[in-house]
Every structure is written in C-alpha cells, then in structure tokens.
Student: 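Please find one structure pasted underneath; my questions will follow.
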Amino acid sequence: MEQRLSSRVRAIAPSATMSVDAKTKALIREGRPVVNMSVGEPDFDTPVPAAFAGIRAITNGNTRYTPSAGTLDLRRAIAAKLMEENGLHYQPDQIVVSNGAKHSLFNVFLTLCDPGDEVILPAPYWVSYPEQIRLSGATPVIVSCDESTGFKITPEQLERAITPRTRAFLLNSPSNPTGAVYSEEELRALGEVLRRHDIYVVADEIYERLVYGVKHVSIAAVVPDLMPRTIVVNGFSKAFAMTGWRLGYIAAPTDIAKAVDSLQSHSTGSPSTISQAAGVVALRSFDPGMVSEFERRRNRLVEGLRELPGVECLLPDGAFYVFPNVGRLLSAQWNGQTIGTTTRLCELLLEEELVATVPGEAFGAPNNIRLSYATAYENIETAIERMRRFVQRLQ
C-alpha cells in the first residue's frame, strides 16, 4: 500500500524553536560548551510543595482517570485564582484543564474555527499559533507590528484586519517572543474596536506573573462586556516551572467550555491526575524571587546587546525573552557571502560561537532574533562576550 500523509500534516511547518533546541542538544552531547539562549523553559525547579503534592498523589493511589475537563478541586482552585488575581468571575464548569497551554490553544482553535474562517494574529507571534490555526482549517491573518509600537497591535491595525470572515483575534500578553505587555489603556482601546464586531478573543496569558515594573491585566477585566466572547488561556509551565508536568487550562463561556470538554474527551481525555494534584498546590506556591532574578538577567542581557554594533534592543516588560533587531547585520559578509537572513545568522552564531538563539523568521519578524534569559546569569555574560566577538568578525 502506498504510504501517503494527510495534506494537513504535510502543510505543517517544523517548529524552529524545537529545531534549534535539537541541534543545540546534539552539540552538547558532543561535549561542546554551548550557551543555550533558545529555550522557552524556566531554569527553576517546580515549587517543593507542588512537587510533594504530586508524589502524594502517586503514593495515595490517585492515579486513575478524572473527568475529561479536570478534577473539580483544580477547577475550583483555578476559578478562585482568576477571581482573586484577575478580577474574572468563572464557575468551575467554565474551566477545562488540558495537557499544557499549547494543548488548550489547539482545542480552542479546533472548537471555534471552520474552513474559510480567519483568525487575526499580530506578529511577532509564537511559532505554534499560525500552524494551529491552519490545522483548524482557518487562515491566520498576520498583522505586522514592530518596535515603533512596542511590538503591539494598534486599534487602527485591528480594525483594518477585521473582515466578515474573522472568527477570532489572538492576544498574547505578555508576549512570546517580544516580552510586550499591553497596558490597561491599550486594552481598552482594542476593546472599543472589538465590541463593534462579533468575534472571539483568545487571550493567551501564560506569562502573566512574569512582568517587570508593569502590571498584567486581562482584557475581559478591562472591557467586561467582552467576557461572553473571551477565552482565557493559561497554564503552569512558566510561572511555576512545571513544563514537564504538562498542565494548562482555558476559562471560557459555558458553551465554549462544554464544546472543548467534549472535543478533549475524544482525543486525550483527562490530564494526568498527578499533575493536577500538583497544580492545586502550585497555585498557592508562586515564588516572587523568580521575577526578581529574571529582571536582573533581563537588564544585563539588554545592556550587553545594546553595546553590540548593528544591534538594537527594546527593554521587554514581561516573559523571559529579548527580541533584538539585527537587521543591520544581515547585509554583512561571512566568508565572502552575505548573511542575508536571521536563520543564517543564528546558524553562524551556533556553529562559530556556540550560542543558540532563534531566528526571527519563525516569529514573523525577519529582522529580529529571540534570546531567552531563562538561564544562569553567568551564561548571559558568556553569551554577550561570544556575540561581541562574532560581530567583530563580520565584514
């Protein structure tokens, strides 16, 4: 029988972040002293109380299926968190827990979108957004944002992007890859546009606790009349350093939550009981020291990047990434050939100086690269010195 993959799978673009990570790990296995600035994973441990809650779940035999939407204990804890921290009122039956926020997002797009629909996606964007939208049958409508607006979509851009086929608008704040955080005033201005159009808002708030000198606010709290068509997406990977536990969730209008629950019941079913038990405790175990340390690293990395000729870098307000503009370096020569793209630039940085970064093409921003400061402070110092040496070698 002839082997043939489905058209939807053949159309998927490989994840640039995963590709860079694979090459980086291969070099590390060879014993090379790579400084990995590509990974979107905190270098902290899961909070001890949450870890022990997971252990207790195992030793107490709490290892069976739960309801597909998650345990009532965890959904109640999430609902309480959303009320206390975000000013959003949800009942437990409006919350669906999944195997990571990435899974939650995939469920949302499959639930909301049909072929021919459009989803407005500001760029720079996280690499999986456009692929998930396409897998749902919809079309991502890319709206390019740059340093002039702090990498944030403006109300005018949003208005122009809306068509009769628009199904949803994706809002990621704090942002991966830019670290941009929308202010209350900016969200209110976007809300003025959105309330004139019958479209959903998918609010990815996975980095909400990792902000520096600013406040994260949820768009549905700022513009309450949008709440009946807002889906909040969040999880435990970033703020609680629980990437491997695979635990995320949505909070949504009741009909959307029920539909997502039904979809999930026929795909993965319930998330891990062990992870869910840990999640209940994690919500009470956030370490603000993580934010202080990330801020210290951010400041040093931005300072170092701004010292490099041909590099410009905004100071991000959230997440744990910087997104410098390296467009002026792309016209430089390396061994007689023009570098040309950030993909080639990142390849050279890894091959020549053993610094792993992610090219901006993956995020819809061909003049920028992403560096993560979810790594030790001394690694940041080493990366700055190696990048300085690399830039000095360019012709």
Side-chain angles (χ1 to χ4, degrees), residues 12 15 17-18 21-22 25 38-60 62-78 81-82 92 95-111 126-129 131-132 135 172 176 202 204-210 231-252 257 260-287 290 319-320 372 374:
I12 297 173
S15 169
T17 52
M18 294 298 180
D21 192 51
K25 288 176 178 175
S38 69
V39 68
E41 183 173 39
D43 60 323
F44 292 82
D45 293 328
T46 297
V48 171
F52 274 103
I55 293 170
R56 284 194 300 273
I58 297 171
T59 57
N60 291 342
N62 186 14
T63 55
R64 300 187 182 277
Y65 294 133
T66 75
S68 60
T71 65
L72 184 57
D73 280 351
L74 180 54
R75 286 182 286 129
R76 281 174 172 164
I78 292 169
K81 176 263 180 217
L82 289 168
I95 293 165
V96 180
V97 184
S98 302
N99 298 283
K102 182 183 285 190
H103 183 208
S104 298
L105 283 161
F106 189 60
N107 283 343
V108 168
F109 292 128
L110 285 183
T111 298
W126 177 51
V127 295
S128 291
Y129 289 146
E131 300 308 318
Q132 289 192 352
L135 283 168
N172 177 210
N176 174 6
V202 180
D204 184 350
E205 302 183 352
I206 188 70
Y207 293 95
E208 63 165 345
R209 293 177 186 255
L210 305 179
I231 298 98
V232 175
V233 181
N234 210 324
F236 294 77
S237 293
K238 310 304 181 181
F240 303 105
M242 293 176 68
T243 51
W245 295 79
R246 308 312 305 135
L247 199 62
Y249 61 87
I250 67 161
V260 168
D261 182 17
S262 178
L263 172 67
Q264 182 163 290
S265 73
H266 291 293
S267 55
T268 62
S270 62
S272 160
T273 55
I274 299 154
S275 298
Q276 291 185 72
V280 173
V281 177
L283 287 172
R284 306 190 299 268
S285 306
F286 177 66
D287 177 12
M290 179 190 289
F320 42 67
S372 167

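Keep in mind the model is a prediction, meaning the values are calculated, not measured.
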Student: Side chain of S275, backbone of S272: donor and acceptor closer than 3.5 Å?
Tutor: no

Student: Starting at OG of S267, measure out to CG of L110 and round the result to the nearest 0.5 Å.
Tutor: 8.5 Å

Student: Sequence neighbours left out, what passes side chain to side chain contact (heavy atoms under 4.5 Å, CB included) with I58? Give chain and number order.
Tutor: I274

Student: Compare every heavy atom of A257 with every heavy atom of V96, then report the nearest pair and how far apart it is.
Tutor: CG2-O, 3.4 Å

Student: Once side-chain hydrogen bond (donor to acceptor under 3.5 Å, both in side chains) is applied, do any residues pair with S270, and if so which ones, sequence neighbours excluded?
Tutor: none

Student: Is there a side-chain contact (heavy atoms from CB on, under 4.5 Å) between N172 and Y129? Walk through the geometry before answering.
Tutor: CA-CA 10 Å; N172 177 210; Y129 289 146; 3.3 Å; yes

Student: To the nearest 0.5 Å, tell me how far F109 CZ sits from L135 CG.
Tutor: 11.0 Å

Student: Just jot down the side-chain hydrogen bond (donor to acceptor under 3.5 Å, both in side chains) partners of E208, sequence neighbours excluded, or say none.
Tutor: K81, N86, N234

Student: Working to the nearest 0.5 angstrom, can you tell me the gap between I250 CD1 and S98 OG?
Tutor: 7.0 Å

Student: For E41, which residues count as a salt bridge (charged side-chain N to carboxylate O under 4.0 Å, His left out) partner, sequence neighbours excluded?
Tutor: none

Student: What pairs with F52 under side chain to side chain contact (heavy atoms under 4.5 Å, CB included), at least two apart in sequence or on another chain?
Tutor: V48, I55, R56

Student: So does V97 get a backbone contact from the side chain of R75, meaning a donor-acceptor N/O pair under 3.5 Å?
Tutor: no

Student: Please enumerate all residues that pass salt bridge (charged side-chain N to carboxylate O under 4.0 Å, His left out) together with D261, with sequence neighbours excluded.
Tutor: none

Student: For a 4.5 angstrom cut-off between non-hydrogen side-chain atoms, does L74 reach L247?
Tutor: yes

Student: Can you list everything that forms a side-chain hydrogen bond (donor to acceptor under 3.5 Å, both in side chains) with T268? Sequence neighbours excluded, please.
Tutor: N99

Student: Rounded to the nearest 0.5 Å, how far does CG of N107 lie from CD of Q132?
Tutor: 9.0 Å

Student: Report yes if the side chains of V233 and I206 come closer than 4.5 Å at any heavy-atom pair, otherwise no.
Tutor: no

Student: Compute whether any side-chain donor of one residue and acceptor of the other, for T46 and W245, lie under 3.5 angstrom apart.
Tutor: yes

Student: Please give me the minimum heavy-atom distance between K238 and M290, naming the atom from each residue.
Tutor: O-SD, 3.9 Å

Student: Residues two or more places apart in sequence or in another chain: which of them pass salt bridge (charged side-chain N to carboxylate O under 4.0 Å, His left out) with K102?
Tutor: none

Student: Are R284 and V281 close enough, and set up right, to give a side-chain contact (heavy atoms from CB on, under 4.5 Å), and what steps lead you there?
Tutor: CA-CA 6 Å; R284 306 190 299 268; V281 177; 3.8 Å; yes

Student: Can you see which heavy atom on S68 is nearest to which on Q264, and at what distance?
Tutor: O-NE2, 2.7 Å

Student: Would L105 and W126 count as a side-chain contact (heavy atoms from CB on, under 4.5 Å) if you check the C-alpha gap in whole Å, the side-chain angles of each, and the deciding distance to 0.1 Å?
Tutor: CA-CA 12 Å; L105 283 161; W126 177 51; 3.8 Å; yes

Student: Residues in side chain to side chain contact (heavy atoms under 4.5 Å, CB included) with P47, at least two apart?
Tutor: P49, A50, F240, S285

Student: Can you list the residues that meet the side chain to side chain contact (heavy atoms under 4.5 Å, CB included) rule with N62, with sequence neighbours excluded?
Tutor: A57, T273, A277

Student: Mind checking side-chain hydrogen bond (donor to acceptor under 3.5 Å, both in side chains) for T66 and listing every partner two or more places apart, or none if nothing turns up?
Tutor: Q276

Student: Please examine the side chains of F236 and T243, heavy atoms only from C-beta on, and report whether any two atoms are closer than 4.5 Å.
Tutor: no

Student: Using the salt bridge (charged side-chain N to carboxylate O under 4.0 Å, His left out) criterion, which residues pair with R209? Sequence neighbours excluded.
Tutor: E85

Student: Mind checking whether F320 and Y207 have ring centres under 6.0 Å apart?
Tutor: yes

